[in-house]
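Here is the structure we will look at, set down as structure tokens.
Order of listing sets the numbers, starting from 1, for every ligand and every atom in it.
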Amino acid sequence: MSLPHSKNALSDPLPGAFEYHVPTRIVFGSGCFDSLAGYSHALGHRPLIVTGKNSARRIGALDRALAQLDHASVFDAVEENPGTSTCEHAADLCRQLGCDHVIAIGGGSPIDVAKAVAGLALNEGACADHFGSGGLAKGAMPLIAVPTTAGTGSEVTPYSVLVDEASGTKRTITSKALFPKVAILDPGLTKHLPRSVTIHTGLDVLSQAMEGIVSKKSTPLGDALALDACRRVRTYLPHAARDGEDTVARAEMLYASMLSGCVIAQAGTTLVHGMGYYYTLECGVAHGLANGLLLAPLFRYNAQHAPERVAAMVAALGGNPSGELGLEITACLHRLFAELEMSPAAADHGVRPDQLERFARDVGSDPYRFRNQIGEITERLICEFYESSLQGN
Ligand code: NAP
């Protein structure tokens with residue numbers, strides 16, 4: 001019997017072997033943040049709560065957490081795109097106060113700092129001693145992650161992405177010990193996200209899902225989650241951007257964000273992220289938007305190397321998978337940008353043409369940045385991707 005072959009879903013044969021590991025307990029639902037204390041008490045007696053500088057307090061989440069937890073201490077100095085010295089400072093505090101577990105409340109930045117704190121609290125050395133995988137020999141303190149953006153999916157990944165202040169680049173600590181023990185996803189915490197942060201973080205969700213499908217390390221389980229995330233972002237991100245109080249759209253986006261985290265926890269990210277970090281660190285473009293601006297050129301290229309995968313994505317994004325895939329995927333992305341009232345041209349977000357050659361040289365000289373990318377990547381190609389992204393085509 002031959003199975004129906006549909007371009008709406010991935011129909012590749014199963015790979016001979018794969019591993020899929022997300023050990024995080026996922027608690028989802030409106031109001032579930034009020035059950036934080038139960039999960040915290042199961043992990044220890046003295047939590048360190050890690051937050052950004054303003055939003056956790058402003059949206060009332062910090063007060064709601066402190067009202068539930070008698071012996072909690074707070075580190076509330078995490079900046080966007082956090083640096084290693086913030087983590088080391090917070091880890092010192094964690095040790096001095098005798099904390100026994102960590103609770104992150106915030107976007108990807110506080111969650112990543114909380115992970116580094118959980119690792120540094122049990123291991124000698126600084127962040128730089130643990131970049132890459134294979135560090136954190138003594139594991140990490142247990143961690144609860146409460147995302148307030150939708151998002152990065154960091155609440156279900158084993159990564160802590162930090163700015164290495166020595167090199168000025170983003171580097172990652174990867175360890176299974178960094179998977180949060182519990183992820184508490186309460187959509188109500190995202191309802192005050194400003195429109196810009198809603199859009200930028202939503203594009204990160206889309207980027208992670210799309211990259212996961214074409215990654216050299218994609219898994220069949222992850223592919224199913226990634227396509228689901230693409231469909232939800234396509235449908236609900238415009239609603240969440242238009243009306244932040246749309247509780248259905250907020251819940252859908254928080255769920256899609258978590259799905260995209262489950263995807264990259266296995267598949268990692270690809271050249272989109274490798275290139276996007278330069279837009280963020282050198283041009284001040286928000287992390288998710290930086291990735292979103294690179295999707296069209298990269299996925300025209302991916303369409304040549306993984307047409308069936310890109311066809312499935314085109315279908316998930318509401319396009320025609322039987323058309324010319326490079327054109328179709330570009331049209332899908334540009335339609336989404338138009339609905340979000342965003343220019344897809346990096347030039348309109350502060351990127352200058354004279355920066356691109358250097359970015360391409362830096363990325364091209366560090367193949368680790370695109371180790372999961374399919375195709376044969378050269379510095380020339382990277383420069384062409386940047387140039388297309390600059391012009392938004
Ligand atoms: P973010 O840097 O955590 O937060 C962006 C802004 O949103 C901040 O100004 C923050 O304010 C504010 N904010 C957060 N929640 C809010 C809320 N509910 N209402 C109003 N404002 C709110 O942004 P992000 O995009 O979530 O995280 C990006 C970082 O995550 C990057 O460093 C990226 O490299 C990393 N990342 C990590 C992973 C992983 O698996 N580890 C995956 C993807 C991305 P405050 O600063 O005052 O809180």
Side-chain angles (χ1 to χ4, degrees), residues 22 24 33 49-62 64 74-84 86-87 104-116 118-119 143 145-164 169-175 178-180 183 185-209 211-212 240 244 250 253-254 257-258 260-269 272-274 276-281 284-292:
V22 175
T24 304
F33 183 57
I49 300 177
V50 175
T51 75
K53 293 179 179 163
N54 300 301
S55 69
R57 209 174 289 277
R58 209 173 46 234
I59 66 174
L62 185 55
R64 278 171 70 191
V74 178
F75 179 85
D76 61 356
V78 177
E79 69 276 30
E80 290 183 42
N81 301 299
T84 43
T86 300
C87 301
I105 302 175
S109 299
I111 297 176
D112 282 355
V113 169
K115 288 176 174 175
L143 168 73
V146 184
T148 64
T149 63
T152 65
S154 181
E155 68 274 15
V156 289
T157 74
Y159 313 122
S160 169
V161 185
L162 305 170
V163 175
D164 172 22
T169 57
K170 282 213 179 187
R171 298 184 67 192
T172 305
I173 304 174
T174 301
S175 166
L178 294 186
F179 276 113
L185 292 106
D186 185 337
L189 296 178
T190 65
K191 77 176 176 201
H192 297 300
L193 274 173
R195 178 183 148 77
S196 60
V197 183
T198 300
I199 294 173
H200 299 160
T201 51
L203 290 173
D204 201 17
V205 176
L206 181 63
S207 186
Q208 294 186 157
E211 288 177 75
R250 288 297 194 192
M253 285 305 301
L254 190 61
S257 175
M258 180 274 294
S260 79
C262 292
V263 172
I264 64 161
Q266 322 300 318
T269 53
V272 172
H273 267 70
Y277 287 140
Y278 286 82
Y279 283 178
T280 298
L281 295 182
V285 181
H287 170 74
L289 174 60
N291 296 330

Provide the number and element of each atom of ligand 1 under 4.0 Å from a heavy atom of [X].
X: G107; answer: 3 (O), 26 (O)
X: I59; answer: 18 (N), 19 (N)
X: P110; answer: 3 (O)
X: N54; answer: 47 (O)
X: T157; answer: 39 (C), 40 (O), 41 (N)
X: V161; answer: 34 (O), 37 (C), 41 (N)
X: H192; answer: 19 (N), 20 (C)

Hey, is ligand 1 close enough to [X] that some N/O pair sits below 3.5 Å?
X: G108; answer: yes
X: E80; answer: yes
X: D112; answer: yes
X: S109; answer: yes
X: S55; answer: yes
X: D204; answer: no
X: Q208; answer: no
X: Y159; answer: yes
X: L189; answer: yes
X: T201; answer: no

Does [X] approach ligand 1 within less than 4.0 angstrom via side chain, backbone, both or neither, non-hydrogen atoms only?
X: V197; value: side chain
X: N81; value: both
X: A56; value: neither
X: K53; value: backbone

Within 6.0 angstrom of R57 CZ, more than 12 heavy atoms from elsewhere |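 No.
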Return the minimal non-hydrogen interatomic distance between I111 and A145, and the atom names on each side.
->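 Minimum heavy-atom contact is CG2-CB, 4.1 Å.
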Whether K170 side chain and L281 backbone form a donor-acceptor pair below 3.5 Å =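 Checking the backbone N and O of L281 against the side chain of K170, no donor-acceptor pair under 3.5 Å is found.
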Donor-acceptor contact present, side-chain T201 to main-chain A150, <3.5 Å =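 Side chain of T201 to backbone of A150: a pair is present.
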Quick one: do the H287 and D204 side chains pair a donor with an acceptor below 3.5 Å?
->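 D204 and H287 do have a side-chain donor-acceptor pair below 3.5 Å.
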Can you tell if the side chain of E211 reaches within under 4.5 Å of the side chain of V263, non-hydrogen atoms only?
->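 Side-chain contact under 4.5 Å: no.
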Decide whether the shortest distance between a heavy atom of [X] and an atom of ligand 1 is less than 4.0 Å.
X: A286; answer: no
X: K170; answer: yes
X: P194; answer: yes

